[in-house]
Structure formats: structure tokens, C-alpha cells
Protein chains: 2
Amino acid sequence: IIDSRDIHKEYRMGTQTVHALRGVSFEIKQNEYVAIMGPSGSGKSTMMNIIGCLDTPSKGDYILNGHDVKKLTDNQLAEVRNREIGFVFQTFNLLPRSTALANVELPLIYSGIRSSERRKRAIEVLEKVGLADRMHHKPNELSGGQRQRVAVARALINNPSILLADEPTGNLDSKTGQEIMELFEELHAAGNTIILVTHEEEIAAHARRIIRLRDGLLESDTIVAAP
Amino acid sequence: IIDSRDIHKEYRMGTQTVHALRGVSFEIKQNEYVAIMGPSGSGKSTMMNIIGCLDTPSKGDYILNGHDVKKLTDNQLAEVRNREIGFVFQTFNLLPRSTALANVELPLIYSGIRSSERRKRAIEVLEKVGLADRMHHKPNELSGGQRQRVAVARALINNPSILLADEPTGNLDSKTGQEIMELFEELHAAGNTIILVTHEEEIAAHARRIIRLRDGLLESDTIVAAP
Ligand SMILES: Nc1ncnc2c1ncn2[C@@H]1O[C@H](COP(=O)(O)OP(=O)(O)OP(=O)(O)O)[C@@H](O)[C@H]1O
Ligand SMILES: Nc1ncnc2c1ncn2[C@@H]1O[C@H](COP(=O)(O)OP(=O)(O)OP(=O)(O)O)[C@@H](O)[C@H]1O
Ligand SMILES: [Mg+2]
Ligand SMILES: [Mg+2]
């Protein structure tokens with residue numbers, strides 16, 4: 001369902017060009033569980049933004065569910081993003097003036113779900129990430145790991161068919177991190193696809209396949225035996 | 001040099017009160033290397049903000065270098081912070097419109113160092129964290145781990161006598177994380193004090209003492225044998 005063909009991404013900075021991705025190709029099928037790893041600055045978040053249709057490649061093709069994203073209109077791209085993809089950003093990207101509850105409800109507003117149903121589902125998923133007692137806190141009234149969990153709850157509320165999680169446990173102690181991984185496992189067991197960026201080996205161990213990037217290139221792509 | 005006596009911190013939220021710290025006491029002497037650990041939301045960052053004089057306790061006393069911080073004026077507090085303390089924030093807190101170089105130079109502006117000397121020292125410390133080739137990038141032109149390393153460089157540039165690092169390696173792969181820990185070890189070997197919040201056991205293993213918080217209370221305070 002995800003077919004990345006010779007993806008390049010460049011950033012022009014004055015006279016310099018940063019080659020964040022230098023030709024990366026891989027396919028990910030429905031219901032795979034893939035970890036993307038690699039050193040800091042190797043291009044993981046850049047790749048995730050392209051997979052999640054939040055950015056376009058400088059060169060190369062990205063085919064999502066059979067559609068070449070270059071040929072989709074902005075409306076169609078937004079539709080795919082809101083219906084199919086759940087995104088946990090490395091920087092959380094929460095609305096600073098909204099409560100945890102309002103932040104988690106946001107994807108359902110795009111799906112046209114009515115407000116009592118939205119609130120009910122947002123409370124459920126906040127309970128799942130252990131933040132029922134922090135529902136009315138704004139992001140700056142939460143700890144770092146609590147903000148991260150609100151970002152995870154927001155990504156899960158729409159039961160996405162593709163979950164893109166960029167370092168979802170970086171700010172969590174191991175017990176809380178494992179609880180988040182159990183939620184991902186539930187989504188995976190229901191037939192959905194999980195793509196996870198992490199630098200923690202024990203988090204990557206949940207995946208069945210590890211793609212390693214280095215300096216904007218694919219260094220290795222390994223199927224891992226089930227534990 | 002750090003004497004925290006029955007520190008409480010409360011946040012009033014409408015009718016609710018959040019007890020982030022419920023009476024925490026410990027002493028840290030010159031040149032100790034302490035890790036503060038505990039579950040997400042247990043009060044680690046709140047404690048670090050009080051130790052770093054960025055916040056005041058609701059109750060209890062905080063004595064820094066023999067001074068009760070309650071009795072210091074705002075100017076005196078700012079003086080202590082700028083001269084003695086290096087802070088790596090969990091949220092990095094970089095100036096979004098300034099380059100990596102300008103962000104790292106910032107503490108030296110407060111110290112009245114002239115600009116050619118500031119630039120030279122900022123380049124040196126950016127080289128130490130492996131970002132010499134990203135000096136002119138703004139924070140949104142850097143990867144998550146690169147932003148974290150700029151925050152580390154900014155905290156080290158003033159050779160602080162107390163380094164407060166809140167989850168300094170959360171976004172770094174293990175090799176880059178180890179490089180940062182080597183820089184901390186250098187600062188420690190030069191006689192300075194290191195206080196580090198982390199949830200990663202292999203990072204905490206660099207410390208000689210581990211303070212564990214849970215639900216705003218001190219759960220344990222253990223001296224660790226040297227490896
Ligand atoms: N401004 C605030 N208003 C209300 N509650 C707050 C505020 N800041 C923090 N809290 C609450 O205080 C508690 C402690 O927060 P703190 O940031 O110290 O936790 P932490 O141990 O650093 O967690 P993490 O490991 O997730 O970063 C949390 O439950 C949080 O929700
Ligand atoms: N807007 C931008 N302008 C210029 N360079 C950029 C920009 N965004 C990213 N880069 C550069 O592209 C490279 C890849 O960045 P990316 O965020 O994908 O790395 P990453 O693998 O996610 O790293 P980390 O593990 O530190 O989060 C980095 O060297 C970074 O400096
Ligand atoms: Mg990244
Ligand atoms: Mg914290």
C-alpha cells in the first residue's frame with residue numbers, strides 16, 4: 001500500500017543544499033509492522049513526512065494505495081490524511097491553547113462526527129493512555145511525557161489504517177512506554193499498518209521489519225523473526 | 001551546594017489542585033553526578049525547574065550555595081542562573097528565529113563576552129556536539145535530535161558549575177547519545193556538578209547516585225557503585 005520509489009528530498013539553504021534523502025526505495029504492505037531507525041539527522045522524520053503526505057519528494061515517486069500522490073489534488077491529499085493516517089509527530093504538534101480533550105477530538109471534527117460522540121471517544125482514548133485525570137489541562141500544564149501521550153491519543157482516535165509514529169516513547173519511562181506499545185499492538189492486531197521511527201532497540205523489537213537509514217540512504221531492510 | 005528541604009509544588013486549576021511535588025528533601029554536594037528518574041508525570045521537570053531557580057516552591061525551602069533563594073532578588077537569581085547553571089530543557093526552548101550559532105552564543109551575551117570570542121566558543125561547542133555543518137540552520141531546519149544537541153551545546157558553553165539536563169538524549173540514537181554523555185563526563189571530571197533527568201537506564205548508569213520520584217514524592221535515593 002506504500003510504495004516509495006527512489007525518493008529524494010533536498011533543502012536549499014542559500015548557496016548550500018542539504019540532501020536529506022538521496023534515493024530511498026521500499027514497499028510496505030497492508031498490516032505490516034515496520035520500525036525505521038538510524039542516526040540523528042539520517043532522514044527518518046523527512047521520510048515519515050513524505051509517507052504521511054505532509055511533504056512531497058524533490059525527486060522520485062510515492063504511491064499510496066495505488067495513487068501517485070503527485071497526481072492527487074490538495075483536497076484528495078487532505079482526505080487521505082484525515083481518513084487513513086494517524087500521525088504521532090516527534091514534536092507532538094499540539095494546539096497550545098486547547099485542552100488535551102480538544103486536541104484529541106480534532107481528527108473527528110474533520111470526519112464530521114457529532115460533538116457528544118467525539119467527546120465520548122476522546123475520553124475513552126485518553127483513558128487508554130492513562131490521562132483521564134488530565135483531560136482539561138492545556139499542553140503547558142502537562143509534563144513532557146503527558147504531552148506525548150496526548151499526541152498518541154490524537155493519532156489513535158480515528159482508528160487509522162496506517163499509524164505513523166515518530167519517536168512515540170522518547171519522553172516516557174519504560175512502563176508507560178510499554179503501555180503505549182500495547183495500544184499499537186492492539187491496532188496492528190486489528191489489521192492496520194504500523195510504521196514507527198525509534199532509536200530505542202526495545203521499542204523496535206515490537207516490529208517485524210527494520211528499515212535503517214544513514215545519511216539519507218537506505219542502509220538495510222531486514223525482516224525480523226517473531227519473538 | 002543544593003539543599004532542598006520539604007519542597008512542595010502545587011498548581012491550582014479551577015477547583016482542582018495538582019500536587020506535582022509533595023515534600024521532597026535531598027542534598028547534592030559539589031561535583032556529585034546525580035540521575036533523577038521516575039514515571040512520566042512524577043514531578044522530575046518540576047523539581048529541575050526549582051533547582052535551576054526557574055520556578056519557586058509552593059512550600060519548603062531551597063538553599064543554593066548557602067543562599068535561601070526566597071531571599072534573593074530577581075537580579076541575584078538571574079545572576080546565579082547565568083553564571084553557575086547550564087540548563088538543557090526537556091523541550092529544548094531554542095529561539096525559533098535564530099540560527100544554531102546565535103542560540104548557542106546566547107548565554108555568553110549575558111556574561112558580557114565580546115562577539116568575536118563568543119562566536120569562536122560557540123563554533124567550538126557546536127563542533128563538540130557534531131553540528132559544525134548545521135551552524136546557520138534555524139531550529140525548524142534541524143532534525144529533532146539536532147535541536148536537542150544545540151540545546152546541549154548552549155548549556156555547556158558557559159562551563160557551568162551546575163549542569164541541569166532534563167532528558168538530554170530522548171531524541172538521539174545510542175551512538176550520538178553516548179557522545180553527549182562523554183561531554184558531560186568531561187564537565188564532571190573538571191569538578192562540576194551534574195544533575196540529569198532520564199528514563200533510560202543506560203544513561204542513568206553514568207551517574208553515581210539515583211534519586212527516584214513517584215507521584216511527587218521521593219521514592220528512593222541510592223548511591224551507585226562506580227562501574
Ligand atoms: N502548569 C501546570 N499546571 C498544572 N499541572 C501541571 C503543570 N505543570 C505540570 N503539571 C502537572 O504536574 C505533574 C508533574 O509534572 P512534571 O513535568 O514535573 O513531570 P515529569 O516527571 O517531568 O514527567 P515526564 O517524564 O512526562 O516529563 C504532572 O502530572 C503534570 O500534569
Ligand atoms: N527545513 C530544513 N531545512 C534544511 N535542512 C533540513 C530541514 N529539515 C531537516 N533538515 C536536515 O535534513 C536532515 C534530516 O533531517 P530529519 O529530521 O529527517 O532527521 P532524523 O533522522 O529525523 O533525525 P532525528 O533522529 O535527530 O530526529 C538533517 O541533517 C537536517 O539538518
Ligand atoms: Mg526526527
Ligand atoms: Mg519532564
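The sequence lines fix the lettering, A, B, ..., with proteins before strands; numbering per chain opens at 1. Treat the numbers as computed from the prediction; the structure is a model and nothing was measured.
- The local environment of CZ in Arg209(A) is crowded, with over 12 non-hydrogen atoms from other residues, nucleotides or ligands closer than 6.0 Å.
- Partner Ser40(A) forms a side chain to side chain contact (heavy atoms under 4.5 Å, CB included) with one of Arg149(B), Glu179(B), Gln148(B) and no other, that one being Arg149(B).
- Residue-environment remark: CG (Asn140(B)) exceeds the threshold of 12 foreign heavy atoms within 6.0 Å.
- When heavy atoms are compared at a cutoff of 4.5 Å, His136(B) approaches chain A solely by way of its backbone atoms N, CA, C and O.
- Most heavy-atom pairs under 4.5 Å with chain A: of the set Gly145(B), Gly177(B), Gly170(B), Ser174(B), this distinction falls to Gly170(B).
- Enclosure of atom NZ in Lys59(A) is not indicated, since only 12 or fewer non-hydrogen atoms of other residues, nucleotides or ligands lie within 6.0 angstrom.
- Closest of all the heavy-atom pairs between His137(B) and Val18(A) is CE1-CG2, 3.6 Å.
- Residues Asp133(B) and Gln16(A) have side chains not in contact (no heavy-atom distance under 4.5 Å, counting atoms from C-beta outward).
- Donor-acceptor pairing under 3.5 Å is recorded for the side chains of Gln90(B) and Asn171(A).
- Using a 4.5 Å cut-off between heavy atoms, Thr169(A) contacts chain B through its backbone alone, with no side-chain atom that close.
- Side chains of Arg147(B) and Thr91(A) form a contact here, defined as non-hydrogen atoms less than 4.5 Å apart.
- Within 6.0 Å of NZ in Lys128(A) there are 12 or fewer heavy atoms belonging to other residues, nucleotides or ligands.
- At a 4.5 Å heavy-atom cutoff, the contact between Glu200(B) and chain A is made by side-chain atoms alone.
- Contact of the Met13(B) side chain with the Glu141(A) side chain is registered, since non-hydrogen atoms from C-beta on lie closer than 4.5 Å.
- With a 6.0 Å radius and a threshold of 12 heavy atoms from other residues, nucleotides or ligands, Arg119(A) has its CZ atom at or below the threshold.
- Heavy-atom pairs under 4.5 Å with chain A peak, among Gly43(B), Ala20(B), Gly41(B), Gly38(B), at Gly41(B).
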